[in-house]
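Proteins come first, then strands; the chains are lettered A, B, ... in the order of their sequence lines, and each starts at number 1.
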Number of protein chains: 2
Amino acid sequence: MTVGLGRSQRAGIRQVADRAGVSVSSVSRVLTSHPDVSARMRKRVLEAVEQLGYEPDWLAQSMRRGATLTVGFVVGDISNPLFAQIALGAEVSLQREGYSMLLANSQNQPVLDARHIRLFQQRRVDGLLLSLASENHTETLEALAGLETPIVLIDRDLPPAVAASAVLSDHQSGMRAAAASLIELGHRRIGMITGSIDLRPSREREAALRAVCAEHPEVGAVVRPGSFTAAHGAAATAELLDGADPPTALVAGGNQILIGVLRELRARGLSVPSDISLVSCDEVPLSELYDPPIATIVRDPFRIGQRAAELLLGRLRGDQPHHAVLPSMFAPGRSCGPPR
Amino acid sequence: MTVGLGRSQRAGIRQVADRAGVSVSSVSRVLTSHPDVSARMRKRVLEAVEQLGYEPDWLAQSMRRGATLTVGFVVGDISNPLFAQIALGAEVSLQREGYSMLLANSQNQPVLDARHIRLFQQRRVDGLLLSLASENHTETLEALAGLETPIVLIDRDLPPAVAASAVLSDHQSGMRAAAASLIELGHRRIGMITGSIDLRPSREREAALRAVCAEHPEVGAVVRPGSFTAAHGAAATAELLDGADPPTALVAGGNQILIGVLRELRARGLSVPSDISLVSCDEVPLSELYDPPIATIVRDPFRIGQRAAELLLGRLRGDQPHHAVLPSMFAPGRSCGPPR
DNA sequence: TTGAAAGCGCTAACAA
DNA sequence: TTGTTAGCGCTTTCAA
């Protein structure tokens, strides 16, 4: 142990070399496990390292090696449990391979996406994990164009000019099953509240619903895109319910949207499923325990994060960009019943 | 704009100097806003910077300046919404001052706490935000002892040997109000399920409950410490309910614990509050909308994160370590009623 | 006000 | 197998 050696300022490789009576390059070689090192040399150096409590300076190492073992994660809002779990999955996987994760919240503002991408770039991250606030923001696309830093997109579609890997959720299969289930129950007017149409999940969910409806001419779908917020969830619910020919079933296209929908339904004193049926996309912690349990199109966010990290690590090892598709599944719940 | 200048590799200060026809030190001076720079010099340099799209190398800058403008955040599990919101509050505040945040999940393992602290130290973070998994782990305390890096503890008590700032929640006032409310309703046996007693929140919550009970000799409290997990919440609920003289009111000492409690109650077909009353510490996204709405001792996690960042930034500007106390409040809900 | 040059702590090419 | 040395890109004395 080094305790008690006093506030001997942080020792450098020079001090280690002196104490071991060898050159700095020998110390470096021992520490980087260079093959051509005698056992005796290794021993002496490691002893000196131990005695001085030497730890290599990460900045100097990074500068020399040209790699920082750091990955940047840009996310709209880490306080959304969905993204928090993705972040967890990614961080744990990256950690295991020696990478650290820088986290930046864009607060769902495309401008901040771009700013953070540039910042991370300047900080020389080895790779980027991106859950962007918009797929069309010019500034973001410019910041991304020509980046040689490997990128993994999380559930986003970007022009092929951006050579990126991606982890994509197959929203459609889950949504198809949900819609089919509602139709089976007898619903003929389905309302759907989605987030920004600039974002893949909203588009995919809408497309799946429309595809199912196209197979059932007797069924009508009304879609209200907006943003992935409780506020939009509540406002759109009110709109749909107050409109002509209100839907008998509602699909909340996001976990924040779900919260808004439930608020509005409660404010109106409407019961689920007797007054209206409800399906959510993505969970919040209590949706399983809600009364009635909420039918939900689920996916495994921890796995998404893991997979994103794997794709990034792959690229860092020289793999080509790759797209991975992860499933979604409809988990039925008592929040769905026949229309009243 | 620099687009079209070709893949001219990242320009360095040397290139800028050449193009401007000045020395590198002059470029540096302009860029660090050194006072003694002529207007003409400034103009020439900035033009060259613009033309080359030069961005200073963060690694080299950090190495020279001895500061990385980076803060490390060690947290048990970012997927817990409580911590995710704290992280958000901290990150946004740090970002505003030019700092980036490294995130590491200790997965509630004290060993990983220690490892991440050392890792961050080696990465030369300028400061540390710590939500530790244990307050007594020797390895962690060793890693912390004698660190000159400023530290801000989040709701943890450490020996004064660790000179750290801290953001502490006043759990007691909220818990007192909750307990008083339960007693007022007529409860005489209150069960409390807490997390690890190695952690401040558990201790404070228990202390407050016991203090209130001490003022009401007719009221008995049973406390089941364990871990901040749904599994413990469920198991402890079962134990309490199966014990002799089961409580008529339950306090879930943490949001994950709440989930376990609700699971177990549901499994037993018990209704809240008619069969048993329930109070939670800290929210989960739907607890407000749960039926019945769950009485909760709330605090503002975003604010906690902000405050932690402020304390850290203060220390980075030379302030002394400081303890900040943030309030908790009892938000009554229909999950509490008279004992059956 | 500007430039030359020394280094921050490390790695790696080259020499011995 | 080991040592010497030249930088990585920047900031900062020190001189001019």
Check step by step if side-chain contact (heavy atoms from CB on, under 4.5 Å) holds for S28(B) and L31(B).
CA-CA 5 Å; S28(B) 177; L31(B) 264 24; 5.9 Å; no
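For residues 21-46 of chain A, the pairs satisfying salt bridge (charged side-chain N to carboxylate O under 4.0 Å, His left out) are K43(A)-E47(A), with sequence neighbours left out.
Donor-acceptor pairing under 3.5 Å is lacking for the side chains of Q95(A) and S100(A). Using modelled atom types and a 3.5 Å distance limit, the side chains of R123(A) and T70(B) yield a donor-acceptor pair.
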Given protein heavy atoms under 4.0 Å, the one-letter contact record of nucleotides 8-16 of chain D, with B base, S sugar-phosphate only and - none, is simply BBBBB----
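Rounded to a whole Å, the CZ atom of R40(A) is 13 Å from the P atom of dT1(D). Between L59(B) atom CG and dG7(C) atom C1' the separation is 17 Å, expressed in whole Å. In this entry the distance linking CD of Q122(B) with C1' of dG9(C) reads 13 Å, nearest Å.
R303(A) has a carboxylate O that lies under 4.0 Å from a charged side-chain N of E310(A), or vice versa, which qualifies the two as a salt bridge.
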